[in-house]
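Below: the structure, in structure tokens.
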Amino acid sequence: LGLTSPALAVLLALAAAAAAAGALWWWRRLAGPGWRALVLRAGLLGLLQLSVVSLVFVLANRSAEFYSSWSDLLGTDHGSAAIVAVGSGPGQVAAALRVLSSAPVATAGKPRVAGGWLETVQIQGQLSGLTAPGYVYVPPHGAQAWPPAPAAPRLPVLVVISDQLSSQDAPYSAQRLAATAAAQIAARRLEPILIVMLPARVGGPSGPADQGCLDVPGGVQARTYFAQDLPQAVESAYRVASPPGGWALLGDSAGAYCAVQLAMTNSQVFAAAAAPPGEFQRPPGPAESGGSAQLQAQDNLLWQLQHEPMQPISVLFTGPGAAQQFRSLVRPPMRAGSISLPAGAWPLAPVLDWIGATIGPPS
Amino acid sequence: MGLTSGLFSTLMVTLAAGALAATVWLWPRVAGRRRRDLGARVGLLLGGQLLVIAACLVVINGYFSFFGSWAQVTGTAAPPPLQLAGAGRSARLIQITASDLGPAPGGGSVLPVQSDGVTESRPPGAGRGPAGPSHPGPSHPGPSHPEPSYPGPLYPRPSQPGVTGTGGKLPAAPQRQAAAAGTGPVQAVRPGQPGPPAVNGEVLQVSMGGERTGIAVSQDYVYLPPQYFQRAYARARFPVVLALTGYPNQTWSIVKRLALPATAARMAAARKIGPAVYVMMNVSPALPRDTECTNVPAGPQVFSFFAVDVPRAIAQTFRVQSGRSGWAALGYSTGGYCAAKLAMLDPGQFGSAVSMAGYYNAVRDRTTGDLYGGSAAYQNENDLYWRLAHLPAPPVSVLATSSRAGERSLPGTLSFLRLIRAPMHGYSLILPQGGHNYRSWDRELPQALEWLDKRLSPARPRRPGARPWQPRSAPRR
């Protein structure tokens, strides 16, 4: 009669019912004086209790399946088994970051000073499965991970999210960003820094692009791409500081929500974010919260500031405008400030200086 | 009166026994033919029955450590206030609420660790399997990172505030140093008496504050191996195994019923595994709610708590490694689901996981409530079958255990393993027979720990020739 068999439960139920009926039926007969009646009373009562408690145990055990058999209950099972590897041979992992081309960066006004390199790259996300084209600015003295140079410092990393990377003259174009950084580094206003530049719309080969750098439920896993795949890929290719602390974000108007959102939800990776002020109440582009009011609330960064713990990050709003509502909700350890961009050809120079100062020098 | 206090269970058992005795005693007095007597008979039987069942429930709850307090049963437990000493980056995220718990309190028998002839006769390094890295996952050619250097002092440190253990435990009292300095085989310390930590290791009770999620927990435990306190390892960083309970469960049951510290200490003493730090935590930081290690939309971010906050808090307080080569997760039942999920969703933090009798779907029932913000798509993302079928496989190794007979989880475990594909690696440990209980998991634990040990980067003693399990000279501080 198995411990989990229905027959045992039925048997115990019948026994309990019989004992209860017996006690009530023979109550007067067992009520007599003397030891014999006393022992019979105690025995019948014990039988009743035992069968009811056993029934409760057997039913509870059947529903939760703690013990599967009598030997399991009594601890006499001693069988063991070997650990078996199942399926999956060695995985072929393609290089996560592929350098397609590389060009020297000229520093404005000082042509003889080495400005570093601007590389055209393709970054493949292992966990998200997304691939995006991008640029990497490598400062002078390099940051190649191979061959390893133990003494070489680990560079801090700035991730730029912008949809103007490929244009020629925009402040957020890859060329201008690289030139700005090179000029600031040459002038010693900025410590050497690696700049990874990616488009704001990251999507699969066929699927729709995501504009908010979010993990769309059941869809594009852009947050995973930026917060998990990207550090992994960059670390595999360059000598960079390990997150957090040495990583920052910079967005243009298309990447502003991305930059601030990623820093707020992944402060273990990104310590700072700079972006033009905006609403930050919903991601750009179509709603992607899968019809969930809770996910939609969470995508509102002002809601997050009001309901979630403050993250240990620094946010800089790059004028014009100052995102007053956002800043009024910020409490320590989070910090927020604003800066108005100078006119001229290099509006982002002070922003890069701030980022360099916030995330610290190469270590 | 505490739900799990000895006084309460004694009281319940006494009441039940008293009710039975009273029934036998009062039997003749209600033997009349009146209707009132008939009702009294039924009442006596029923009342006694209820008391007996209640007493059984209290005793069984104590044995399995389902619930630790009345507030956890009723759900009125106020979340412990998040108290961080200091602020910003220097905040102390872990408070040690009790030490001197000994290596395996309540477990009896297995400890203390004793170096016997068997371990003495083995050359250092024997019994550890093939040397060298044996990580089956794809190697990441990234540069190795320098050890993180946190400004705060690591445990142990002199004159530590917040340690409420008895006696001058840290730094070691003179007699403890003397015991650790013994050159012969280290004698077993009397059972029930915690030995010096350099011989037996130490189990600490901790409270932990989640810096990024705001979740705070208490009455979790950290086991530090003896090597942690030995001079040869004074600068070594140890690998970490995050061990998670089932639901509902008290964390203490990992120490008491699963006997994880005792088993790990025994196996490390026999040189079957290397020393590691075991962080033992309740899978549900908000009992009685079953949170399934999920980042609840607009709710508690439980996944991030375990994946981000706990590693940071542990690294801030103890000399441990960082990242996937130094961290693994292990759990049973709900904790098994969580362990597998932690590795699959955050392979940068957890390189491997052991799921003992776990399940792999995103549960939604009476105890969980809606964890997925009403979104079926988000629920899918928490379903590990769905992830394996629809997302790229993560570069982690998962050991899934179950039983041929006696485990409902068998079909689910087998189909989970079937879905695994490169670069993920699946391993199975299927017992011929065993139910959903600690006896089965106890039998699986030694193999699971050896499997984990092969995937964690070891703590390296300073002197290459040093016998790491027993220093030649006394630990100096």
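Excluded from the calculations below are hydrogen atoms, water molecules and symmetry mates; all remaining heavy atoms, backbone and side chain alike, are included. We name chains A, B, ... by the order of the sequence lines, and we start the count at 1 in each one.
Contact of the B/Q49 side chain with the A/Q49 side chain is registered, since non-hydrogen atoms from C-beta on lie closer than 4.5 Å. The shortest distance between side-chain heavy atoms of B/L20 and A/L45 falls below 4.5 Å. Counting heavy atoms from C-beta on, the side chains of B/Y378 and B/N295 come closer than 4.5 Å.
Ranked by heavy-atom pairs shorter than 4.5 Å toward chain B, the options A/L73, A/D215, A/L44 are led by A/L73. For the set B/R387, B/Q433, B/R418, B/R404, the entry with the most heavy-atom pairs within less than 4.5 Å of chain A is B/Q433. Considering only heavy-atom pairs separated by less than 4.5 Å from chain B, the leading option among A/A42, A/G218, A/G125, A/A293 is A/G218. The greatest number of non-hydrogen atom pairs below 4.5 Å with chain A, out of B/A405, B/P347, B/C56, B/G374, is found for B/P347. The candidate with the highest count of non-hydrogen atom pairs below 4.5 Å against chain B, out of A/Q221, A/M310, A/Q304, is A/Q221. Most heavy-atom pairs under 4.5 Å with chain A: of the set B/D370, B/I60, B/L431, this distinction falls to B/L431. Residue with the most contacts toward chain A among B/N380, B/V52, B/D309: B/V52 (heavy-atom pairs, distance under 4.5 Å). If you tally non-hydrogen atom pairs under 4.5 Å between each of B/S375, B/S428, B/G435, B/G48 and chain A, the highest count goes to B/S428. When each of A/Q268, A/E308, A/R29 is checked for heavy-atom pairs under 4.5 Å with chain B, A/Q268 comes out on top.
Side chain to side chain, B/T213 and B/S304 fail the donor-acceptor criterion of an N or O pair below 3.5 Å. No side-chain N or O of B/H436 forms a donor-acceptor pair with one of B/S409 less than 3.5 Å apart.
Residue contact with chain B, scored on non-hydrogen atoms closer than 4.5 Å, involves the backbone and the side chain of A/V84 alike. Only the side chain of A/Q298 comes within contact range of chain B, judged by heavy atoms closer than 4.5 Å. Of the atoms belonging to B/V308, it is side-chain heavy atoms, and not backbone ones, that fall under 4.5 Å from chain A. Residue contact with chain A, scored on non-hydrogen atoms closer than 4.5 Å, involves the backbone of B/E407 exclusively. Only the side chain of B/L399 comes within less than 4.5 Å of a heavy atom of chain A; its backbone N, CA, C and O stay farther away. If you measure heavy-atom distances from B/E381 to chain A, the contacts under 4.5 Å come from the side chain alone. Of the atoms belonging to A/V216, it is backbone heavy atoms, and not side-chain ones, that fall under 4.5 Å from chain B. Only the side chain of B/L391 comes within contact range of chain A, with heavy atoms under 4.5 Å apart. In this structure, chain A has heavy atoms under 4.5 Å from both the backbone and the side chain of B/V30. At a 4.5 Å heavy-atom cutoff, the contact between A/L295 and chain B is made by backbone and side-chain atoms alike. No part of B/D37 comes within reach of chain A, as not one of its non-hydrogen atoms sits under 4.5 angstrom from that chain. Interface remark: B/R443 contributes side-chain atoms only to the contact with chain A (heavy atom separation under 4.5 Å).
With values rounded to the nearest 0.5 angstrom, A/T265 atom OG1 is found 8.5 Å from A/Q311 atom CD. One distance of note links CZ of B/F416 with CE of B/M344; it measures 5.0 Å at 0.5 Å rounding.
Classified by interplanar angle (parallel below 30°, tilted 30° to 60°, perpendicular above 60°), the ring pair A/F270/A/W247 is perpendicular. Ring planes of B/Y427 and B/W451: perpendicular class, angle over 60° (limits at 30 and 60°). Ring geometry for A/W303 against A/H307 counts as parallel: the plane angle stays under 30°, on a 0 to 90° scale with 60° as the upper cut.
The environment of CZ in B/R408 is crowded: more than 12 heavy-atom neighbours from other residues, nucleotides or ligands sit within 6.0 Å.
B/Q301 contributes a side-chain N or O that, together with a main-chain N or O of B/G299, makes up a donor-acceptor pair within less than 3.5 Å. With hydrogens and angles ignored, the 3.5 Å screen pairs a side-chain donor or acceptor of A/D229 with a backbone N or O of A/S128.
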